[in-house]
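Numbers restart at 1 for each chain; the letters A, B, ... are given by sequence-line order, proteins then strands.
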Protein chains: 2
Amino acid sequence: MAYTIKDVAKRAGVGIATVSRVLNESPNVLPETRARVLAVIDELGYRPNHAARQLVTAKTNAIAIILPFLTRPFFIEVLRGIEAVVANSEYQLIIFNVDSPEQRTRYFNTLPFLGRTDGLLIVSLPLAPPEIKRLQAANLPAVMIDTQASNLPSVVVDNVGGAFKAVEHLISQGHQRIGFVSGQLEPDLGFTVNRDRQRGYEAALTAHHLPIQAEYVRAGFDRRDWGHQAALELLDLAEPPSAIFAANDDLAFGIIDALRERGLKAGDDLAVVGYDDLEMAQLIGLTTIHQPMEQMGRKGAEVLLAALNEGTRRPTLHTLPVNLIERTSSTKPSKV
Amino acid sequence: MAYTIKDVAKRAGVGIATVSRVLNESPNVLPETRARVLAVIDELGYRPNHAARQLVTAKTNAIAIILPFLTRPFFIEVLRGIEAVVANSEYQLIIFNVDSPEQRTRYFNTLPFLGRTDGLLIVSLPLAPPEIKRLQAANLPAVMIDTQASNLPSVVVDNVGGAFKAVEHLISQGHQRIGFVSGQLEPDLGFTVNRDRQRGYEAALTAHHLPIQAEYVRAGFDRRDWGHQAALELLDLAEPPSAIFAANDDLAFGIIDALRERGLKAGDDLAVVGYDDLEMAQLIGLTTIHQPMEQMGRKGAEVLLAALNEGTRRPTLHTLPVNLIERTSSTKPSKV
DNA sequence: ATGAGCCATGGAAACGTTTTCAAGGCATCT
DNA sequence: AGATGCCTTGAAAACGTTTCCATGGCTCAT
């Protein structure tokens, strides 16, 4: 079929080893030899066979990214950051989406990327110790993004601190009764975001000597319609909160929707703060915690590439900062 | 390092050919032999080496997807559909994002996926004839999604027809002066969406004996802020349009934003129709053309997999339907 | 009983590289 | 002039599979 290194060698009147040396930019090749070989390569349109190369070098030049819920904006942004970095490297990006606990288990049991990739980026999915052990046994460098493992490099944001900031902001606006709406606290796939943000919520209340009221905490699902429903439930309480902190922007959108349904307006009638700073948050004036999603992806990819190229493999923890973006959904309420 | 087929053969007391036969589910193996080999495989935790296998079979078990602007919702949805199908196959998904004309050129000139993938999914990027020729010369099956090539299987939606529907809807609501806001008509990367939708816009006007007025057509950029700016420009005309058809939802969001700035409301004061039916369109009540983005991805992936498995390679054209979703942004205007 | 044919199996070639090792040429130093 | 050593080069081994081909045992029909 396609030309092989042998064809090039024959045509250039050299041995295949010399062609290989030219291909791999070995310094010990006479300039004129190199030129001749390159000319033949160009003439034939020769391209080295990846599989053969991989077989002998045991290097795939690919890395895999494993992430859940390809549909959610957060993961897309992370993916973007990763892609941007990887595209500028010699590596290719193989993507594995996990949408269910079964799929997750299957992936980490069968390790389908083993032998197909040089490294692994794991987004948001916490790993059990035996799973980590298996990765390390397979000698597969891995970097965790938005989740943490003590013996793997990890890139995270401070979810507890971010939630603390959000709630503290509401308190500084004079709010005393602050609701919390989030997805499952112990979800199937083991994310800890919601739990962490709840912790930040509680810490902020406690720090300001406010009570933690169970009826103000609504943990349900990571879906907009849950935000909607939870907001209605909170509004129907005998003493409804005057502000709501949503564990992510999507929930906040649902909440704002519910308010509108009741003829209320976020900001004027009830303060709402979200988390993520999705593009849409700006559009509708949602106060929220900005987290550098794309940058998390970038950072994670950079750490992995560094590990691959330089062999560095210390399990460093990179914590990226989050900050509050004040918009109209949390302006000072008329009545406190 | 890892165990090889030789280790398994030796330990099972068979030849390597027999192990290979077991691995590949060849029928001509005695059940007891098979069982013995499988036991050893399990015992050693043996896993076949991909590179070696690829080298001899010339099959990679991977497909590549090339798409622009990983950040835009449309492409994400398509990607989702593709991923869903591919995940259930034996193939892995390698992703190439192209954000600039240079990158596009580089990809299609160097064909970095050549020899690394068995097939190609190309999203939205039109291909020049020589590029197609090169793909076919390399014997790389490819399927186009949201773009069309006469000699490659293609999955498209009817953009002209969709735009026609949108504008016809506005006309049926009594509108006579209808603006059109879109991104570049001849963009760098060669998309034809905007051009196609403009054609639909003009066709609808003509079909209903309405004039095509140049000042009502605002082609600029595929960005929300352009929608914003274009809307303001249209409003400032001596005789502003009473309705605007936006070539995509994102532009429509910008338009609605601009209206709000002027104290106007989409639907009440000026009708707005978008295109895409993004999730957010529902949230803000935008009338829009729904296109089955995820399904396009699914269909494209299915066509490619069929081509790979069955060797079918006819350049069939699959056109998916679009339909109008009526919401509040296009309710009957007070004054016509 | 004998030949034909089938089935399970193993040996070995082939896939296309990289890399090791040996060798030859040439310049430099003594 | 001869020895030393570096630089360039090529032959061949190795990587771990699949697959072709040959072989031997067995069944079945004659």
Side-chain angles (χ1 to χ4, degrees), chain A residues 1-41 44-62 90 112 114-118 138-139, chain B residues 1-41 44-62 90 111-118 138-139:
Chain A
M1 287 272 85
Y3 292 108
T4 73
I5 199 173
K6 246 184 216 163
D7 301 315
V8 175
K10 192 179 297 178
R11 189 146 186 149
V14 300
I16 60 167
T18 300
V19 178
S20 177
R21 272 184 279 260
V22 170
L23 251 24
N24 294 287
E25 285 161 8
S26 153
N28 296 339
V29 178
L30 238 36
E32 54 259 37
T33 315
R34 173 186 313 273
R36 189 151 33 100
V37 171
L38 285 176
V40 173
I41 287 177
L44 296 184
Y46 162 77
R47 318 196 61 196
N49 178 303
H50 282 287
R53 191 172 263 185
Q54 274 179 41
L55 178 57
V56 42
T57 59
K59 204 167 173 286
T60 65
N61 280 318
E90 53 185 336
L114 208 64
R116 308 206 56 151
T117 57
D118 296 332
N139 201 29
Chain B
M1 283 272 89
Y3 292 109
T4 74
I5 201 174
K6 246 185 218 164
D7 300 316
V8 176
K10 191 179 297 178
R11 188 148 187 149
V14 299
I16 59 167
T18 299
V19 178
S20 177
R21 273 185 279 262
V22 171
L23 251 23
N24 295 287
E25 284 159 10
S26 156
N28 296 339
V29 178
L30 279 190
E32 54 259 38
T33 315
R34 174 185 313 269
R36 190 150 32 99
V37 171
L38 286 177
V40 173
I41 286 177
L44 297 184
Y46 162 77
R47 319 196 62 195
N49 178 303
H50 282 284
R53 190 172 264 186
Q54 275 179 42
L55 179 57
V56 44
T57 58
K59 201 166 177 289
T60 64
N61 280 318
E90 54 186 336
L111 300 179
F113 26 80
L114 207 64
R116 308 207 56 151
T117 58
D118 297 330
N139 201 30

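Across the protein-nucleic acid pair, A:R36 atom CZ and D:dG10 atom C1' stand 13 Å apart, rounded to whole Å. Atom CG of A:L55 and atom P of D:dA13 are 17 Å apart (whole Å). Rounded to an integer number of Å, the gap from A:L23 CG to C:dT19 P is 12 Å. Rounded to a whole Å, the NZ atom of B:K6 is 13 Å from the C1' atom of C:dA13. Computed from coordinates, the A:K59 NZ to C:dT17 P distance equals 17 Å when rounded to whole Å. A:R21 has its CZ atom 11 Å from the C1' atom of D:dC7, to the nearest Å. What separates CD1 of A:I16 from C1' of D:dT9 is a distance of 12 Å, to the nearest Å. When rounded to the nearest whole Å, the span between NZ of A:K10 and P of C:dG16 equals 13 Å.
Taking 4.0 angstrom as the limit, A:N28 places a side-chain polar atom (N or O) nearer than this to OP1 or OP2 of D:dT8. For D:dT8, the OP1/OP2 oxygens have no side-chain nitrogen or oxygen of A:T33 closer than 4.0 Å. Applying the 4.0 Å criterion to OP1 and OP2 of C:dG10, one finds that B:T18 has a side-chain N or O inside that range.
In the set C:dT18, C:dT19, D:dT17, D:dT17 carries the atom at the smallest distance from any side-chain atom of B:N49. Counting only heavy atoms from C-beta on, B:R53 has its side chain closest to D:dT17 among D:dT17, C:dT9, C:dT17.
Residues meeting the side chain to side chain donor-acceptor pair (under 3.5 Å) test with B:R116, sequence neighbours left out: A:Q92.
B:R47 comes within contact range of the sugar-phosphate backbone alone, with a heavy-atom separation under 4.0 Å but no base atom that close. Among the atoms of the strands shown, base atoms are found under 4.0 Å from some heavy atom of A:S20.
Taking the C1' atoms of five terminal pairs at each end of the helix from C:dA1-D:dT30 to C:dT30-D:dA1, the two resulting helix axes are inclined by 50°, rounded to 10°.
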